[in-house]
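Because only heavy atoms are used, hydrogens play no part in the values below, and waters and symmetry mates are left out as well, while side chains stay in. When a ligand or atom number is given, it counts from 1 through the structure's own listing order.
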Amino acid sequence: MVEPLDIATPTRTQAILTSYGLRAKKKFGQNFLTDLNIIDRIIDTADLSDDDYVIEIGPGIGGLTEQLARQAKAVLAVEIDPEMVRVLNDTLSPYDNITVIETDVLTVDLKNIIQKQWGQVPAVKIVANLPYYITTPILMQLLQAGLSWDTMVVMMQREVADRLTAPVGTKEYGVLTVMMAYYAQVQLAVKVPASAFNPAPRVDSAVVRLQPKNHPYQVQQPKELFNLVKICFAHRRKSLWNNLLQAFGKDAEVKEKLTSALAEATIEPGIRAERVDLENFYQLFLALKAQNIKFRS
Ligand code: SAM
């Protein structure tokens with residue numbers, strides 16, 4: 001089969017932008033992928049097959065979208081920029097398995113849209129070259145949307161990828177690492193140079209793979225657990241004990257409760273939060289709750 005001309009090459013991408021009189025918009029984090037090898041590696045990482053239903057965030061001019069559509073059963077792409085949607089109506093017209101929705105991914109009910117578009121489908125895959133200015137809010141939105149998903153493969157700023165995948169005890173390990181670890185197994189898959197994009201971003205990039213975690217934690221409101229983690233990391237160089245005192249107060253009764261909760265969770269009060277893994281934060285959370293210590297949610 002003769003494939004339509006690939007969008008994600010340096011010349012075709014520039015030609016498309018020029019012919020529509022468009023420039024990449026900073027305010028929407030637009031950096032278009034122009035390296036088909038990187039796109040192949042994204043698709044390999046997502047392990048796409050023709051049974052797969054794929055959600056793409058931010059299709060831009062469609063460079064990644066068309067390659068997804070060639071491998072998957074169907075693609076649903078969410079794009080905020082009406083000017084991009086106008087381009088996509090042309091560039092993606094050869095494909096009948098792509099639906100583009102013009103909306104802000106941060107405000108949309110994706111579960112509902114998937115249901116309306118595809119009805120009951122198996123777990124979806126999420127693949128995206130994310131707008132870097134809202135990487136974390138988008139990831140949290142996707143992870144908390146109650147979607148049935150089996151793989152997420154997302155491009156982001158390298159520095160954020162390093163934080164997501166940081167081992168305990170490193171300087172990159174922090175609130176974001178623990179929040180991601182709550183929802184997913186996270187793996188750094190591909191390092192991507194700035195030269196793979198038009199325009200080249202000022203930072204290096206990386207593709208991260210997330211897979212849902214079947215963990216034993218029973219947390220009704222994960223935000224409460226995350227608030228505790230934020231409290232513990234409030235001052236990175238301070239001990240866990242000092243951060244907890246600062247948040248919950250220093251009177252004798254609170255001190256006693258904190259001491260026994262830390263003992264229950266087998267955490268040494270003098271250590272810093274960067275040495276505490278998700279499992280220990282969870283144990284501390286349960287122990288503090290049992291002591292009737294209140295968290296914001
Ligand atoms: N997928 C294209 C590619 O790889 O060449 C473009 C990726 S570009 C880094 C990010 C895309 O996300 C842009 O098309 C941008 O307009 C879109 N975007 C930015 N903010 C968005 C939002 N809140 N909701 C949906 N799309 C958004």
Side-chain angles (χ1 to χ4, degrees), residues 5-17 20 22-43 45-46 48 54-72 75-92 95 98-110 113-114 125-142 145 152-161 189-190 192-208:
L5 204 58
D6 293 309
I7 297 167
T9 64
T11 40
R12 177 104 195 273
T13 295
Q14 192 50 54
I16 290 170
L17 291 173
Y20 285 85
L22 292 175
R23 277 163 180 251
K25 298 186 186 78
K26 265 199 188 136
K27 71 166 177 176
F28 288 140
Q30 290 174 352
N31 297 92
F32 305 109
L33 258 172
T34 56
D35 185 331
L36 288 164
N37 288 323
I38 299 290
I39 291 186
D40 281 348
R41 293 182 69 188
I42 291 175
I43 286 173
T45 306
L48 280 192
V54 178
I55 306 292
E56 187 194 5
I57 314 303
I61 60 170
L64 174 58
T65 325
E66 72 168 354
Q67 306 294 338
L68 295 171
R70 288 182 194 168
Q71 305 292 329
V75 181
L76 186 81
V78 178
E79 173 59 59
I80 196 170
D81 182 355
E83 292 195 305
M84 290 296 132
V85 174
R86 192 161 61 87
V87 177
L88 292 166
N89 286 336
D90 296 337
T91 55
L92 299 181
Y95 304 91
I98 302 174
T99 307
V100 176
I101 296 182
E102 185 187 319
T103 188
D104 178 349
V105 69
L106 291 180
T107 58
V108 79
D109 179 350
L110 266 182
I113 287 187
I114 291 170
K125 290 187 171 170
I126 299 170
V127 183
N129 170 18
L130 292 173
Y132 294 175
Y133 73 109
I134 44 171
T135 299
T136 308
I138 292 180
L139 287 176
M140 292 315 288
Q141 163 93 357
L142 294 171
M152 258 189 232
V153 177
V154 279
M155 174 93 73
M156 62 189 71
Q157 191 174 332
R158 175 72 200 275
E159 189 207 312
V160 179
V190 188
V192 183
S195 58
F197 305 84
N198 174 358
R202 287 218 188 87
V203 291
D204 284 333
S205 301
V207 176
V208 168

What residue and atom, counting heavy atoms only, is the protein's closest point to [atom], and at what distance?
atom: atom 5 (O) of ligand 1; value: L33 N, 2.9 Å
atom: atom 13 (C) of ligand 1; value: Q30 CG, 3.6 Å
atom: atom 9 (C) of ligand 1; value: G29 O, 3.2 Å
atom: atom 17 (C) of ligand 1; value: E79 OE2, 3.4 Å
atom: atom 4 (O) of ligand 1; value: N129 ND2, 2.9 Å
atom: atom 1 (N) of ligand 1; value: G58 O, 2.7 Å
atom: atom 24 (N) of ligand 1; value: V105 N, 3.0 Å
atom: atom 18 (N) of ligand 1; value: I80 CG2, 3.7 Å

Using a 4.0 Å cut-off to any heavy atom of [X], which atoms of ligand 1 qualify?
X: E56; result: 1 (N)
X: I134; result: 20 (N), 23 (N)
X: V78; result: 25 (C), 26 (N)
X: N31; result: 7 (C), 8 (S), 9 (C)

Location of contacts on T103 toward ligand 1, heavy atoms closer than 4.0 Å: backbone

A128 and ligand 1 - part of the residue with a heavy-atom distance under 4.0 Å: neither

Check whether [X] reaches the backbone of [Y] with its side chain - one donor and one acceptor, N or O, closer than 3.5 Å.
X: R12; Y: L5; answer: yes
X: E79; Y: G60; answer: yes
X: D204; Y: P193; answer: no
X: Q141; Y: V105; answer: yes
X: T34; Y: A196; answer: yes
X: Q30; Y: K25; answer: yes
X: T135; Y: Y132; answer: yes

Heavy-atom contact under 4.0 Å between [X] and ligand 1?
X: L130; value: yes
X: D104; value: yes
X: G63; value: no
X: Y133; value: yes
X: T34; value: no

Separation between NZ of K27 and CD1 of I80, rounded to the nearest 0.5 Å: 8.5 Å

Distance-only side-chain donor-acceptor flag, E83 / Y20, under 3.5 Å: no

Within-4.5 Å side-chain heavy-atom neighbours: D109 and I113: no

Beyond-backbone contact of E66 with D6, side-chain heavy atoms, under 4.5 angstrom: yes

E159, CD atom: more than 12 neighbouring heavy atoms under 6.0 Å: no

F32 N/O under 3.5 Å from ligand 1 N/O: no

